[in-house]
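Let me begin by presenting the structure, written as structure tokens, before commenting on it.
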Number of protein chains: 2
Amino acid sequence: MSSIKEIAKYVGISPASVSIYLNDKNSTRVSAKTKLLIDEAVLALNYHKNVFASSLATQESRIIGIIIPTMLPLFQNDYTNTLLSGIQTRLSAFGYSMLFFPSSAKSSIEIVKEQLEKSAGCDGYILFSTGFCTMDQIRKNITEIEKTGRPFVTLNIPSVPERIHQVLIEGLETASGIPYLISKGHRNIVLLLGRRAGVHARFLKNDFKTRIAAAGIKCDENSIIYGEYDALQAYSAVKEVLETRPETTAICSMSDIMAAAAIKAVQESGRTVPDDISVIGRNNSLHAMLATPSITTIDLNMHQAGLSAANLLLDAVDGNTAPQKIIISGTLIERESVAVR
Amino acid sequence: MSSIKEIAKYVGISPASVSIYLNDKNSTRVSAKTKLLIDEAVLALNYHKNVFASSLATQESRIIGIIIPTMLPLFQNDYTNTLLSGIQTRLSAFGYSMLFFPSSAKSSIEIVKEQLEKSAGCDGYILFSTGFCTMDQIRKNITEIEKTGRPFVTLNIPSVPERIHQVLIEGLETASGIPYLISKGHRNIVLLLGRRAGVHARFLKNDFKTRIAAAGIKCDENSIIYGEYDALQAYSAVKEVLETRPETTAICSMSDIMAAAAIKAVQESGRTVPDDISVIGRNNSLHAMLATPSITTIDLNMHQAGLSAANLLLDAVDGNTAPQKIIISGTLIERESVAVR
DNA sequence: AAAAATATGTTAACCGTTTAATCTACCTTT
DNA sequence: AAAGGTAGATTAAACGGTTAACATATTTTT
């Protein structure tokens with residue numbers, strides 16, 4: 001826990017010289033002899049630079065704040081983890097750290113406010129969307145984050161003003177297996193959504209209805225069920241719908257985990273996937289690959305989205321203020337869980 | 001981006017008063033009227049506290065540095081994510097942020113060094129073990145982190161000096177399904193390990209050999225295979241071993257993902273799980289629950305380990321210097337992937 | 001009415017690092 | 001030998017927030 005001053009005293013020079021050398025080993029403003037002495041002192045005194053003091057002085061921290069408005073524990077969600085992984089890969093490559101803030105608040109707006117309160121000093125932010133945010137809350141969150149005056153990027157948040165740097169999964173609101181299932185001849189599809197309140201739920205529901213109607217299929221409200229992006233809850237929901245709607249031929253799930261749970265439920269009801277019931281997932285996570293049968297799914301390319309978000313933010317931090325919107329497309333991965341009707 | 005000084009000027013008082021009020025809303029050193037004025041100014045000027053300046057002044061940051069010596073992208077590994085989730089839950093509850101550092105280095109020691117260089121100022125650290133660290137490297141990493149003079153906790157690192165705060169999974173080095181498989185009558189077991197070089201690999205191998213020998217079974221080197229904790233690589237390794245050792249009756253995998261991949265491989269070779277070949281996993285991740293058949297596994301209680309690590313560290317940050325060693329036990333979860341022989 | 005207590009503020013130093021502005025000694029050039 | 005460069009250092013003022021010590025006005029106590 002030594003400081004630059006102690007190094008300076010140890011060597012017998014001014015703190016300025018130490019700082020100059022440590023920040024630029026090739027500086028011509030420090031003699032070769034002094035450089036050696038500083039190196040020695042650094043080792044002898046266990047010197048580690050205090051990032052915070054440094055950030056304060058330079059007005060840049062090389063730290064990016066990650067804002068995830070959820071009350072759930074972090075690092076438990078496949079989507080989010082994949083995004084984070086992409087973000088971290090890129091940020092790390094450019095020498096940036098990632099900071100995750102605590103929060104005890106109970107609503108998405110409160111969480112964002114609380115987190116931002118502790119965050120001034122970060123070079124930029126990445127704002128996630130979660131199934132807990134309504135469109136209205138998201139707007140407020142964005143206002144809040146804009147007030148910091150720091151650059152930021154929104155991730156997968158639909159209908160955000162064009163002036164804001166953003167990364168979107170192409171039609172995330174509507175990227176589902178519905179068109180694919182219809183094209184395979186399915187007429188009796190159940191839509192397995194995540195959270196009722198999520199920003200995307202409404203879009204997905206409307207899209208579902210529109211497409212179903214366009215295909216000349218009647219749609220009843222019972223064909224939309226919710227699994228909270230959770231295996232157990234999805235399992236129960238599917239078990240139930242299999243009883244109430246035995247005519248169902250396909251389940252379109254909004255996550256692979258829920259799709260895997262759906263397959264379990266179908267199999268336990270004595271039916272087979274895909275012969276009796278087809279199942280399609282989303283995200284192309286490991287679950288889709290490893291399930292039996294393996295799951296046909298839509299790869300949302302979340303890792304790429306994370307990379308792009310980090311790129312965008314780094315650009316913005318470098319002063320590039322022109323708003324950019326990056327759109328990542330999904331890719332259909334055909335496997336074994338969907339049969340033709 | 002306003003500062004406390006601007007708030008002070010706006011209200012017409014000294015910065016000290018602003019700071020005092022903002023840090024203690026109930027302070028008696030600021031009048032009710034002034035409090036209101038400050039609140040107003042904070043809103044009007046979009047004030048957000050600069051954590052770094054604050055950390056510098058108070059000599060505590062409420063930030064915990066997370067050190068993960070790996071070259072792989074973060075947030076892609078089931079074990080690590082579960083641990084992180086536990087850590088985050090507890091840290092967040094106590095108002096602590098988590099900081100992840102970048103690194104471009106190519107060895108575990110270099111990574112740790114690089115990360116610590118940017119980290120002075122954190123209140124404490126949690127040091128992970130990864131399959132990339134040899135025991136020797138870990139020792140050096142610990143020396144390095146001890147030099148910071150800050151409290152830290154090691155997670156799942158075997159054979160660490162007693163003086164160091166640590167959380168261990170009980171016999172992580174040996175917590176495998178081997179005893180269970182033997183007790184179920186299996187005599188021809190294949191051990192599916194992760195990384196060759198990992199700290200735990202040697203322990204697991206020795207433990208395997210000892211137990212096999214104790215059970216009076218002959219052991220050949222070919223019965224140990226490696227899957228790099230990766231689905232695809234585990235799949236190939238299992239495919240191969242099924243051909244070279246057709247007498248195999250059970251596969252003991254060190255992760256659920258590799259177990260799920262093993263099941264795929266077994267099924268595709270025309271055999272069934274568990275009737276022809278039993279498979280046991282480790283970690284009790286979602287994969288184990290959702291696989292068909294569902295996978296018997298050992299729950300390592302990683303989430304609890306994360307919680308405990310955070311607790312331990314927070315204690316240490318509070319000045320509790322008595323070294324503690326917390327040991328978390330694994331729990332066997334019996335499901336459908338193991339049959340009696 | 002004087003003394004003591006309380007309420008409300010302010011001052012100024014400090015946290016560790018950076019950096020523009022200077023300074024000094026020595027070396028080149030002409 | 002004067003003028004100009006350069007190498008190698010230093011000084012001192014930030015950065016934004018905190019806090020011990022001090023100050024003043026107002027109220028309460030005796």
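The chains referred to below are lettered A, B, ... by the order of the sequence lines, with proteins before strands, and numbering in each begins at 1.
With sequence neighbours left out, the salt bridge (Lys or Arg N to Asp or Glu O under 4.0 Å) criterion links A:D136 to A:K140. Shown here are the side chain to side chain donor-acceptor pair (under 3.5 Å) partners of A:R90, two or more places apart in sequence or in another chain: A:N311. B:S108 meets the side chain to side chain contact (heavy atoms under 4.5 Å, CB included) test with B:P69, B:C133, B:Q137, B:N141; sequence neighbours excluded. A search for side chain to side chain donor-acceptor pair (under 3.5 Å) contacts involving A:T80 returns A:N77, not counting sequence neighbours.
For the pairing with A:Y125, the side-chain contact (heavy atoms from CB on, under 4.5 Å) check across A:L116, A:L313, A:T154, A:L99 returns one residue only, A:L116.
When distances are taken from the side chain of B:K49 to each of D:dG16, C:dT17, D:dT18, the shortest belongs to D:dT18.
Sorted by first and then second residue, the salt bridge (Lys or Arg N to Asp or Glu O under 4.0 Å) pairs involving residues 94-116 of chain B (not counting sequence neighbours) form an empty list. Within the structure, ring pair (Phe, Tyr, Trp, His ring centres under 6.0 Å) contacts touching residues 54-75 of chain A (residues at least two apart or in different chains) are A:F75-A:F100, A:F75-B:F75. A salt bridge (Lys or Arg N to Asp or Glu O under 4.0 Å) check over residues 11-37 of chain B, counting only residues at least two apart or in different chains, returns the pairs B:K25-B:D39. Sorted pairs that involve residues 9-47 of chain A and meet ring pair (Phe, Tyr, Trp, His ring centres under 6.0 Å), not counting sequence neighbours, are lacking altogether.
The closest donor-acceptor contact from the side chain of B:Q166 to the backbone of B:I164 lies under 3.5 Å. With hydrogens and angles disregarded, no donor-acceptor distance shorter than 3.5 Å links the side chain of A:S85 to the backbone of B:Q76.
Counting only heavy atoms from C-beta outward, the side chains of A:I67 and A:F152 never approach each other to under 4.5 Å. No side-chain heavy atom of B:S17 sits less than 4.5 Å from a side-chain heavy atom of B:T34. Side-chain contact between B:P151 and B:H165: absent, with no pair of heavy atoms (C-beta onward) separated by less than 4.5 Å.
A:I7 has its CD1 atom 12 Å from the P atom of C:dT18, to the nearest Å. Spacing between atom NZ of A:K35 and atom P of D:dA7 amounts to 12 Å, rounded to whole angstrom units. Between A:E6 atom CD and C:dT17 atom P the separation is 9 Å, expressed in whole Å. Between the P atom of C:dT17 and the CD1 atom of A:I4 lies a distance of 5 Å, rounded to the nearest Å. At whole-Å resolution of the value, CD in B:E60 and P in D:dG17 are 16 Å apart. In this structure, A:L56 atom CG and D:dG17 atom P are separated by 9 Å, rounded to whole Å. Between B:K5 atom NZ and D:dT18 atom P the separation is 12 Å, expressed in whole Å. Residue A:F52 contributes atom CZ, which lies 14 Å from atom P of D:dT18 at whole-angstrom precision.
Annotation: proximity of residues 96-104 of chain B to DNA chain D (heavy atom, distance under 4.0 Å) is found for no residue. Against DNA chain C, the stretch residues 12-32 of chain B makes heavy-atom approaches under 4.0 Å through B:I13, B:S14, B:A16, B:S17, B:T28, B:R29, B:V30, B:S31.
One finds no side-chain N or O of B:Q59 lying less than 4.0 angstrom from the OP1 or OP2 phosphate oxygen of C:dC14. Contact annotation: A:T34 reaches the phosphate of D:dA9 (side-chain N/O to OP1 or OP2, under 4.0 Å).
An end-to-end axis angle of 40° holds for the helix from C:dA1-D:dT30 to C:dT30-D:dA1, taken from five base pairs per end and rounded to 10°.
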Enumerate the protein-to-nucleotides 24-29 of chain C contacts in which both atoms are nitrogen or oxygen and the separation is below 3.5 Å.
none

